[in-house]
Structures are given as C-alpha cells and as structure tokens.
Asker: 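First, the structure itself, so that you have it in front of you.
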Amino acid sequence: MKKNKMKFNTKTIHGGQAPEKGYGAVMPPIYQTSTYSQSSPGEHKGYEYSRTHNPTRKALENSLASIENGNYGLAFGSGLAAIDAVLKLLKSGDEVISTNDLYGGSYRLFTKIFESFGIKFHFTSMKDASQLENIINSNTKMIWVETPTNPMMNIIDIKSLSKIAKKKKILLAVDNTFASPFLQKPLDLGANIVMHSATKYLAGHSDVILGALVVKDKKLADKLYFIQNSSGAICGPMDSFLTLRGIKTLHVRMKRHCENAKKIAIFLSNHSKIDKVFWPGFKNHPNHEIATEQMSDFGAMISFTTKKNSFKNTQQILKNFKIFTLAESLGGVESLACHPASMTHASIPKKERELSGLVDSLIRLSVGIEDVKDLISDLNQAIR
Ligand SMILES: *Cc1c(COP(=O)(O)O)cnc(C)c1O
C-alpha cells in the first residue's frame, strides 16, 4: 500500500519507515555515531556527520512528516529549539503576530531573546480571525498560533487564519503540542509549519525532551534544514528512538486520554466547589463549534478554578493529590497537575496573564491514561 494512503493509526506505526537494510531490524536501530566512514573524499552512503544527518533521527523525521500529512520532518533537541529554528527564518525588522495565551517558554523566547535581535511581536487573542487584518502590516512575516491555548483551552480557527495568511503572503505556524496530529492536522487546514514539543504527547512517556517541525513546501523545508544544520540544535539518536517508539502508540494513548478527560471535565463541572472548567468539549465553550470542526476529539488538557478562588486553597488542593503528580509538562501516560501562575507561566507578567483569564487559583490537569475511576476519586478527595 502506498504509504501516504495509509490511515492515521497505521501511519503512526509504519509511516516513513521500512525494516532496516543491514539485518532487517523492525525498529530503526540507535545509530549512536557522530561520523561515517567515506571510501574516498565525498564518497559515502548519504551520511557524513550526525549534526547534518543521522539514520535514527531520519527515521523519526520521516515518521513525523507522515503523521502530520506533511512532506518534510525535522527533529530538534527540544520544542523550544524547534521554535528557535522557525524564528530564524526571520530577520531584524520583521514582525510576528502570536496568540497571547501561550506556552510561557515560547513567550520568553520571543520577548527575551528574539526581540533583542530586532524582531517585533504582537500578542492578541485571535478569537476573531478578522481582527487580525488590523494588526498586519508590511513587516508582518509570521503568525504564530497555539491551539488549544495553554492553559485557557481557547480554540483558534486555523482555517480562517490560513486564508488571511495566504492572502497577505505571511507564514502561518501552528504549535500542535496540545492536540497532537491524532486530534488535529494544521497542514491540512492550511498552515505552513506545524511545530511540536514531542516531549509531550508524541513521545508520551515523560522520558525525553524533543522538538519537531513538519512542512509541506520543499523551499521552506530546505531553509529549515539549513538552519537545523547551521545552528545545530539537533536531538540525539537515543531520544529520536524513544520518540519514534512513543509515536507508535500515539493513537491508542490519545483515545484513552480523551475518554478519561471527558469524564473528568464532566465530573468537575458538576462539583459544588468548582467555579469554571475550561475544556473545549463543553457545548457552552465559546469555541466549541470550531473545536468540533477542526479536531477529531477534545483533548486531555483541562483547566479549572475553584469557588474559593484563593491562592492558599489552590495550594492545598495540589498538596492533597495522591495520583495526580504536581509537575510541569503534560502529555505523558501519567496524570499531572500544575499551577500555571507559579510554574509554567511564571515568566508572563501577572497583569498580562490575568488579561487572558490566567488567575492565581487556576489549576491545569494533564489527564493520563490510568483508570478514570481512580483519577476521579483522587480529585474528589483533593478538592475539599
Ligand atoms: C512544552 C511546550 C513547548 C516547549 O517544548 P520543550 O520540549 O519543553 O522545549 C512548546 N509549546 C508547548 C505548547 C509546550 O507545551
């Protein structure tokens, strides 16, 4: 069967992959080497030096391209290294429009590193795609989108943004970390670049830091490969292998993640001590319709606030958890809880984060794939 005709659940296992030629190993071996022998100068089997190419990383990059319905995959040492490579497509004087409710590390990279190189960032909600046209000017070169947003779980309409981006000849880049390609495929919706912190759902077992980019366009891919090799923020063969292994069970994990999250979101919304629950699967979620259109399910990230709305009460709930682990990160098989205001989003000024609803009492859950009954009992005993 032609590999690009495969269904998603087959692509996660076979996409861009073939048994290895040497011994027929079904899993791509971990090519733990920095360099490759040449029979005479420049005569080699396609590999010269592992910053440029490595067969294990290549297998992962092919898999990434396959599951995101792109043509070219690139793997990096972290999600932020992948974003860093995207921003290096720009030059001093260029402007970027970004969602305002985004991963704190991305915000820090934008404002603390790239602003000092003369790139200007505008942060806006993007709830209404048409508003964007007022901010776009002749220097605007890129739109940066996270959806669902972190941690408020707003849904941004990728298709509408891509129409504007195309019209204005601006690159549209989507951080697809929260959804994973199981739920949403930004390239199919018109984005130019899809980015992942593969650290999260793709690798899926909280045991690796890795970043990814996937594109369709050859010219854009060549520019990014050039940056990847020139700046050198690649991932190692072992981490490439672990991520590749994680991807093979992505669809099975995501299905259970989503099932568990739905039950927990409903449980929380019926709880007398809970104020608001942010999860795009609710019919009254402001972007429920777009979520239904562009995602195949609603994901496993949930945020909520308590009626007490005090910092102290929130800290107590986090202490009470027995199964949910208080930790940064998300997307692993185990359930995690996090306090964005003091953890993942501490680098965003309080005033700015409260504008997007990120108050001190907000708790974010990454719902894992444990038995949901245990997870609900844990929440029940923790929220007092
Ligand atoms: C974690 C994360 C990143 C950064 O990725 P790292 O692998 O930690 O460098 C970027 N975007 C989102 C949405 C994330 O959750």
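For the numbers below, each heavy atom of this structure counts, side chains included, while hydrogens, waters and symmetry mates do not. Indexing begins at 1, ligand by ligand and atom by atom, following the structure's order. This is a predicted model, so every value here is computed, not measured.
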Asker: Hey, which atoms in ligand 1 end up nearer than 4.0 Å to a heavy atom of Leu330?
Answerer: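 Once the distances to Leu330 are compared, the set is 15 (O).
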Asker: Please say which of Thr149, Thr147, Asn100, Thr99 ends up in a side-chain contact (heavy atoms from CB on, under 4.5 Å) with Asn154.
Answerer: Thr149
Asker: Out of curiosity, is Thr344 lining ligand 1, as in a heavy atom under 4.0 Å away?
Answerer: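 For ligand 1, residue contact (heavy atoms, under 4.0 Å) with Thr344 is absent.
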Asker: Establish, yes or no, whether the cationic atom of Lys185 lies under 6.0 Å from the six-membered ring centre of Phe8 and within 45° of the ring axis.
Answerer: yes
Asker: Just checking, is any N or O donor in the side chain of Lys88 or Ser231 under 3.5 Å from an acceptor N or O on the other one?
Answerer: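 Yes, Ser231 and Lys88 have a side-chain donor paired with an acceptor closer than 3.5 Å.
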Asker: I'd like a table of donor-acceptor pairs (distance under 3.5 Å, sequence neighbours excluded) in which one partner is a side-chain atom from residues 359-369, with atom names and distances.
Answerer:
unit_1	atom_1	unit_2	atom_2	d
Asp360	OD1	Arg353	NH1	3.3
Asp360	OD2	Lys350	NZ	2.9
Ser361	OG	Asn309	OD1	2.7
Arg364	NH1	Asn150	OD1	2.8
Arg364	NH2	Ser329	O	3.3
Ser366	OG	Gly331	N	3.0

Asker: What is the closest protein heavy atom to atom 13 (C) of ligand 1, and at what distance does it sit?
Answerer: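 Answer, as residue, atom name and distance: Asp175 OD2, 3.3 Å.
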Asker: Should the heavy atoms of other residues, nucleotides or ligands under 6.0 Å from NE2 of His205 be counted, would the total exceed 12?
Answerer: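 Buried by this count: over 12 neighbours within 6.0 Å.
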Asker: May I ask you to check whether His44 and Tyr49 place their ring centres under 6.0 Å from each other?
Answerer: no
Asker: N/O to N/O below 3.5 Å, does that happen between Gly79 and ligand 1?
Answerer: yes
Asker: In the protein, which heavy atom is nearest to atom 1 (C) of ligand 1, and how far is it?
Answerer: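 That would be Lys200 NZ, 1.5 Å.
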Asker: Considering heavy atoms of the protein only, find what lies nearest to atom 4 (C) of ligand 1 and give residue, atom and distance to 0.1 Å.
Answerer: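 Atom 4 (C) of ligand 1 sits closest to the protein heavy atom Tyr103 CE2, 3.3 Å.
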Asker: Give me the residue, atom name and distance of the protein heavy atom closest to atom 5 (O) of ligand 1.
Answerer: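 Ranking protein heavy atoms by distance from atom 5 (O) of ligand 1, first comes Ser197 OG, 3.0 Å.
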Asker: Side-chain donor-acceptor pair under 3.5 Å between Gln17 and Lys248, yes or no?
Answerer: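 Note: Gln17 and Lys248 side chains meet the donor-acceptor criterion.
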Asker: With nothing but distance in play, are any N or O atoms of Ile209 less than 3.5 Å from an N or O of ligand 1?
Answerer: no
Asker: What I want to know is whether Asn150 and ligand 1 share at least one N or O pair that is separated by under 3.5 angstrom.
Answerer: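 So ligand 1 has no N or O lying under 3.5 Å from an N or O of Asn150.
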Asker: As an exercise, identify every atom of ligand 1 less than 4.0 angstrom from a heavy atom of Ser78.
Answerer: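 By the 4.0 Å cutoff, the relevant atoms are 7 (O), 9 (O).
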